[in-house]
Amino acid sequence: MMYDLNLMRIFAALIDEGSVTRAAHRLGMTQPAVSGALTRLRALIGDPLFVRERYGMRPTEKALALAPAITRALAGIDDAVLAAQGFDPATARRSFVISANSYAEFVLLPALVARVQAEAPGVRLRVLPFGADLAETGLLAGDTALALGRIVDPPDTLVVQEILTDGLSCVLRADHPDAAGDRLDRAAFERLRHVNLLPPGRLKVGLFQVLERLGLEREVAVSVTHFLAIPELVAATDLCATLPTAICRRLAGDPRLKVLEPPADLGRFPGHMAWHIRHREDDGHRWLRRLVREIAAAAVRT
């Protein structure tokens, strides 16, 4: 039977995205081109395949039945081509999509980009936000090369590796009266007002739980949604921030700020790297994973 393999890739994108517009964006195609391909797919399969709904397109029973086989076939073709090509970082021309939370963006990405530019100038990185829904990252479909963040209860199709553990430290304005020593005592910690970081959610919940377990009080004056907002806030106020130690090491280079040990051991939290099992034998992917592991180890090394 003769058919256009590109139609199968468009079908897989429509299954994953549930939208012609999003599928077109992912594939680098125009929306009319994807709609035209869907018309040809319907004629080829003899089924509507997708039914329009208010917020997207719902696959039919036949589309759902076909999807696993088509996804496996496309993955097999991609893996075979990549294996045949091999991977030489110095000459490779390839793109990788990485989904990263704000911690990984701040701590790992600058060094990762520098290493990629030095070792593989033809390799391009595209970074997407990492959230609680793994499906939204493209990781479950295998389109996203890596996810960097906190990953709990992953499906069997993902490989998850712990690449670091980090602790927590406190940050004050450098000329703050309580910043004279190297450690913030309990009385000062409880007297001060604090900046609270909303994401990543599990870190936020974990910190609240640890403080409650230790009996430490913390008055939150303001909550922000990214690490990058905190240095300016702390430098201009009397507020205190409790942040991952790897981030605090970078903030320590700002003469306006002072990093201090917290009044008690606030524990450690893990950082994970995850990828789809289809990428396990990909030499280029292995190279990228090695870089991330090396950079993560250096980031938390004392």
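For residues 31-54, the pairs satisfying salt bridge (charged side-chain N to carboxylate O under 4.0 Å, His left out) are Glu53-Arg58, with sequence neighbours left out.
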Discussion item. Evaluate Leu112 against Leu288 for side-chain contact (heavy atoms from CB on, under 4.5 Å), listing each step before the verdict.
Written reply: CA-CA 9 Å; Leu112 178 61; Leu288 181 64; 4.3 Å; yes
Point to revise | Step-by-step side-chain contact (heavy atoms from CB on, under 4.5 Å) determination, Glu105 to His226 | key: CA-CA 10 Å; Glu105 282 186 343; His226 201 285; 3.6 Å; yes
Requested in this report: Take Asn196 and Arg218, measure what side-chain contact (heavy atoms from CB on, under 4.5 Å) needs, and give me the verdict at the end.
Outcome: CA-CA 10 Å; Asn196 178 51; Arg218 185 177 69 147; 3.3 Å; yes
| field | Test log, rule side-chain contact (heavy atoms from CB on, under 4.5 Å), inputs Phe269 and Leu168 | value | CA-CA 9 Å; Phe269 64 91; Leu168 295 165; 4.2 Å; yes
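Side chain of Asp166 to backbone of Ala246: a donor-acceptor contact under 3.5 angstrom is found. Using modelled atom types, one side-chain atom of His272 and one backbone atom of Ile151 make a donor-acceptor pair closer than 3.5 Å. Looking at Arg193, its side chain never comes within 3.5 Å of a backbone N or O of Glu219 through a donor-acceptor pair. Between the Ser99 side chain and the Pro129 main chain, a donor and an acceptor come within less than 3.5 Å of each other. Although no hydrogens or angles enter the test, the distance criterion places no donor-acceptor pair under 3.5 Å between the side chain of Arg256 and the main chain of Ala235. Put simply, the side chain of Glu217 never gets that close to the backbone of Glu190: no donor and acceptor are under 3.5 Å apart. A donor-acceptor distance shorter than 3.5 angstrom exists from the side chain of Arg183 to the backbone of Pro262, with no hydrogens or angles considered. Judged purely by atom type and a 3.5 angstrom limit, Lys258 uses its side chain to pair as donor or acceptor with the backbone of Gly181.
In this structure, Phe87 has its ring center no closer than 6.0 Å to that of His285.
The CD1 atom of Ile163 lies 5.5 Å from the CE atom of Met273; values are rounded to the nearest 0.5 Å. Taken from CG in Leu158 to CG in Leu139, the straight-line distance is 4.5 Å, to the nearest 0.5 Å. Rounding to the nearest 0.5 angstrom, the gap separating the CG atom in Leu27 from the CZ atom in Arg9 is 9.5 Å. Atom CZ of residue Arg115 and atom CG of residue Leu108 lie 12.5 Å apart, to the nearest 0.5 angstrom. One distance of note links CD of Glu261 with CG of Asp182; it measures 8.0 Å at 0.5 Å rounding. Note: Cys248 SG to Asp254 CG = 12.0 Å, rounded to the nearest 0.5 Å.
The shortest distance between side-chain heavy atoms of Leu257 and Pro231 falls below 4.5 Å. You'll find the side chain of Val222 stays beyond 4.5 Å of the side chain of Thr237, heavy atoms only. Counting heavy atoms from C-beta on, the side chains of Val259 and Arg249 never come closer than 4.5 Å. Annotation: side chain of Leu243 is in contact with side chain of Leu251 (closest heavy-atom distance under 4.5 Å). Side-chain atoms of Gln161 and Arg293, non-hydrogen and from C-beta on, do get closer than 4.5 Å to each other. Val20 has its side chain out of reach of Phe50: every pair of non-hydrogen atoms, C-beta onward, lies at least 4.5 Å apart. Phe130 has its side chain out of reach of Arg150: every pair of non-hydrogen atoms, C-beta onward, lies at least 4.5 Å apart. Looking only at side-chain heavy atoms (C-beta outward), Leu266 and Leu211 come within less than 4.5 Å of each other.
Ring geometry, Phe96 versus Trp287: the interplanar angle falls from 30° to 60°, so the pair is classed tilted.
Leu64 and Leu14 fall into different hydrophobic clusters, defined by Ile, Leu, Val, Met, Phe, Trp and Tyr side-chain heavy atoms under 4.5 Å apart, directly or through other members. Ile10 is connected to Leu5 through a chain of hydrophobic side-chain contacts under 4.5 Å among Ile, Leu, Val, Met, Phe, Trp and Tyr, so both are in one cluster.
One finds a salt bridge joining Glu281 and Arg286 here, because a Lys/Arg side-chain nitrogen approaches an Asp/Glu carboxylate oxygen to under 4.0 Å.
In this structure, Ile45 and Lys62 approach most closely via the heavy-atom pair CG2-CD, 3.6 Å. Nearest heavy atom pair, residue Val160 against residue Ala274, reads CG2-CB, 3.9 Å.
Heavy-atom neighbours of Asp175 CG from other residues, nucleotides or ligands within 6.0 Å: above the threshold of 12. Counting non-hydrogen atoms of other residues, nucleotides and ligands closer than 6.0 Å to CD of Glu212 gives a total of 12 or fewer.
Under the side chain to side chain contact (heavy atoms under 4.5 Å, CB included) test applied with Ile230, the options Leu239, Val224, Val171 reduce to a single match, Val224.
Shown here are the side-chain hydrogen bond (donor to acceptor under 3.5 Å, both in side chains) partners of Thr245, two or more places apart in sequence or in another chain: Ser169.
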